[in-house]
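Report on the following structure.
Below, all heavy atoms of this structure are taken into account, side chains as well, without hydrogens, waters or symmetry copies. To find a chain, count down the sequence lines: A is the first, B the second, and so on, and within it residues start at 1.
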Protein chains: 2
Amino acid sequence: MAVPRTGPNLTKIAAALGVSSATVSNALSGKGRVSADLVQKIRQKADELGYVPSNAGRALRTGRSGVLGLVLPDIANPLFPQIAQAMEMAASNNGYGVLIADSRGEVTTQTDAIGRLIERGVDGLIVIPRRGTRIGAVGCPVAMVDTPSTPGNTVSADHWEGGEQIARHLSDLGHKKILLLGNDPASNVQNDRIGGMKAALGRDICHQTIWLEPILRDGGTTASLKLPYLVESGVTAIATVSDLLALRVLTELQTAGFRVPGHVSVTGFDDLIFSPVVTPALTTIHMDMAQIAEIAVAALIAEITGTQKIKSTTPQQKRTVPDTVMADTSRVPMELIIRSSTGPATPYQTHIPNGETL
Amino acid sequence: MAVPRTGPNLTKIAAALGVSSATVSNALSGKGRVSADLVQKIRQKADELGYVPSNAGRALRTGRSGVLGLVLPDIANPLFPQIAQAMEMAASNNGYGVLIADSRGEVTTQTDAIGRLIERGVDGLIVIPRRGTRIGAVGCPVAMVDTPSTPGNTVSADHWEGGEQIARHLSDLGHKKILLLGNDPASNVQNDRIGGMKAALGRDICHQTIWLEPILRDGGTTASLKLPYLVESGVTAIATVSDLLALRVLTELQTAGFRVPGHVSVTGFDDLIFSPVVTPALTTIHMDMAQIAEIAVAALIAEITGTQKIKSTTPQQKRTVPDTVMADTSRVPMELIIRSSTGPATPYQTHIPNGETL
DNA sequence: CTGAAAGCGCTTACAG
DNA sequence: CTGAAAGCGCTTACAG
């Protein structure tokens, strides 16, 4: 004997009205094979009884769960709120739910996370891969959100172009000596951002790139960056690959007595929650996550309802065909947000840290 | 004709081995009614075929989906990553999945969000309510994560006690004139934090509370706070209810030429991602989200598998019994994290904004 | 220890 | 336009 449900089901509505459950199903799904009259009566009865369809029954029958899995490299990532919010919105607008899984920054955990979602019967997967990771065939459509430079089909913001915008902005302000600050040289996203910056800086602009993470890993500290020294030797702008890095630089400079943007301009990336709130507010690049999410979700749904017409409720393991979904790499444009952390380049002047000017 | 699955199912394993699917089911679920020999053979065959159980089939049969819903007031909340990560971890450790829904800060959307999750057949709900919201009976167990002062059963960090810790820390450092800075006076959490601070400050300590959000709503700006004026009139510490607010205050003070903690100490709350990264790093209160998540998930699972032995696959609407879950309000302790944004109180000295000392 | 059977709620191809 | 029937994959009470 299986577990009965206490709520009303199709059969109960059918019984209450003296019709067949097939008719109730057809009426409620609006497939149009039922007379307007009956549809009306059935709808009313369903409302009256507080009918809510059973996902399990439907999923078992149709082979589709109506749920998408979202795999995140590390939920602690400050960009995650934007991502999750956009994905949830895009999915729920299309009648899908979103199941989350966190891979805590590790590749094996990423595989586990994907496995857990597959076991839960997701119809498709949105994966924000750990840097450099490739996803094998998993038995359901996969949309990757990464950089355009990642091999394979992905949706993503055009990080390179964002880097170009930042660089042009600084260049327009007259900066001639710029520090480009990255964190992790193994990150595709960060490389694209820095690459775009470099590409957009003219020959007349002197720039230097520093990656922070390797310095920290070798036991260095942020102090090893010698920001005050760099500024005194003529750097008038510091372009970073992330608002978090920009915040670090900004507050460090302020503590050392430099003014931003008076002495140095600072830029970030991602328009994180705190960026408009700090003083000076951060000039940054905002990505249209909503659009990225819509593209990813639409691609997934097209694949789910199209090509894979006959799809199992449960995953087919050991599939050989790759099933990543996007027809092509989609690039979503970036928007430059100019706030007060950037300003005209000011010629170098001798300056003693700690706030006192000579 | 229903949609066939391409992957192996119980029946295929059974057929391959010449046993019944009931036996396969019993063997794989380890209920112990099958001989060790057979269990061994069945397990092996299942692995060989790459068997993954169908959630839909199981859910339909057992009336349980194995999924918990997480309703967030606003995914953009900077604390959300910590919450989602902890919940996902606690749930998946217990064999449950987590479906997310964002209520975008609005009450009606919160109701919609809950509705969507219920329709997806979640077995239980974790709700981080929009401030002041009560959740009606929804037909499945609900765990609320809020302040202990919220009426109803909740798990939460002990925000009051966190406020006390901060206040004691500042008091121990010798601060005698403290500004308590809140954002939204309608927030239970923020009121608890401020309440705790006040309670722990001795009679000899002068304090004033300012709520920022009403000022901003009336068209004021952060500048209306007149932080420089307050500091010059003797405030040596500013205790805020959030790291975001602390960051705002910190950078504004720095821009105005004050040193933190030299001239003023600043504290936050929540230990957000940027807090250890800014200079000076923020002294704050860290909440043990993992523990909160474990309590909430455990309570939910107890309710799901216990009391409600016979539970429908789909929600029963219009239930009359309240089904909030926690036996009692659980309070999780807070941890004070002392970083460099706080230091000994320094006596007031005349100081001209903009970095020049007389 | 093992199996036959029922049934969870739904949808769809088919017959009328 | 409407209904009877089958079946998606699973688990469990029951019989042997």
For this session: Go ahead and name the base partner of C:dA4; Watson-Crick or wobble counts if both distances stay under 3.5 Å, otherwise write none.
Result: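 Checking every strand shown, C:dA4 finds no partner, since no pair has both distances under 3.5 Å.
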Exercise. Does A:Lys45 come within less than 4.0 Å of A:Glu48, counting only side-chain N to carboxylate O?
Worked result: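 Yes, charged N to carboxylate O under 4.0 Å.
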What nucleotide, of [options], holds the atom closest to the side chain of [X]?
| X | options | result |
| --- | --- | --- |
| A:Leu38 | D:dT2, C:dC10, D:dC10 | D:dT2 |
| A:Ala22 | C:dT2, D:dA5, C:dC10 | D:dA5 |
| A:Ser54 | D:dG3, D:dT12, C:dG9 | C:dG9 |
| B:Ser35 | C:dG9, C:dT2, D:dC10 | C:dT2 |
| B:Val34 | C:dT2, D:dC10, D:dG3 | C:dT2 |

Separation of [N] [atom2] from [X] [atom1] (nearest whole Å):
| X | N | atom1 | atom2 | answer |
| --- | --- | --- | --- | --- |
| A:Ile42 | C:dC10 | CD1 | C1' | 15 Å |
| B:Lys41 | C:dC1 | NZ | P | 15 Å |
| B:Leu10 | C:dT2 | CG | C1' | 15 Å |
| B:Arg58 | C:dC10 | CZ | C1' | 20 Å |
| A:Leu60 | C:dT12 | CG | P | 13 Å |
| B:Leu17 | C:dT2 | CG | C1' | 13 Å |
| A:Leu28 | C:dT12 | CG | P | 13 Å |
| B:Asn26 | D:dT12 | CG | C1' | 8 Å |

Problem set entry | B:Leu28 vs B:Leu10 side-chain heavy atoms within contact, under 4.5 Å | yes
For this session: May I have the step-by-step check of side chain to side chain donor-acceptor pair (under 3.5 Å) for B:Thr111 and B:Thr108, ending in yes or no?
Result: CA-CA 5 Å; B:Thr111 311; B:Thr108 54; over 6 Å; no
For this session: Using heavy atoms to find the nearest nucleotide of DNA chain D for A:Ala36 and A:Ser21 separately, return the residue whose nucleotide is more 5′.
Result: A:Ala36
Exercise. Are any of B:Thr23's side-chain N or O atoms less than 4.0 Å away from OP1 or OP2 of C:dG3?
Worked result: yes
Problem set entry | Under-4.0 Å side-chain N/O to phosphate OP1/OP2 contact, A:Thr62 with C:dT12 |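 Answer is no, no contact under 4.0 Å.
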For this session: For B:Asn55 and A:Gly121, indicate whether the former's side chain and the latter's backbone hold a donor-acceptor pair under 3.5 Å.
Result: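 No.
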Exercise. Under 3.5 Å, side chain of B:Ser21 to main-chain N/O of B:Thr11, donor-acceptor pair present?
Worked result: no
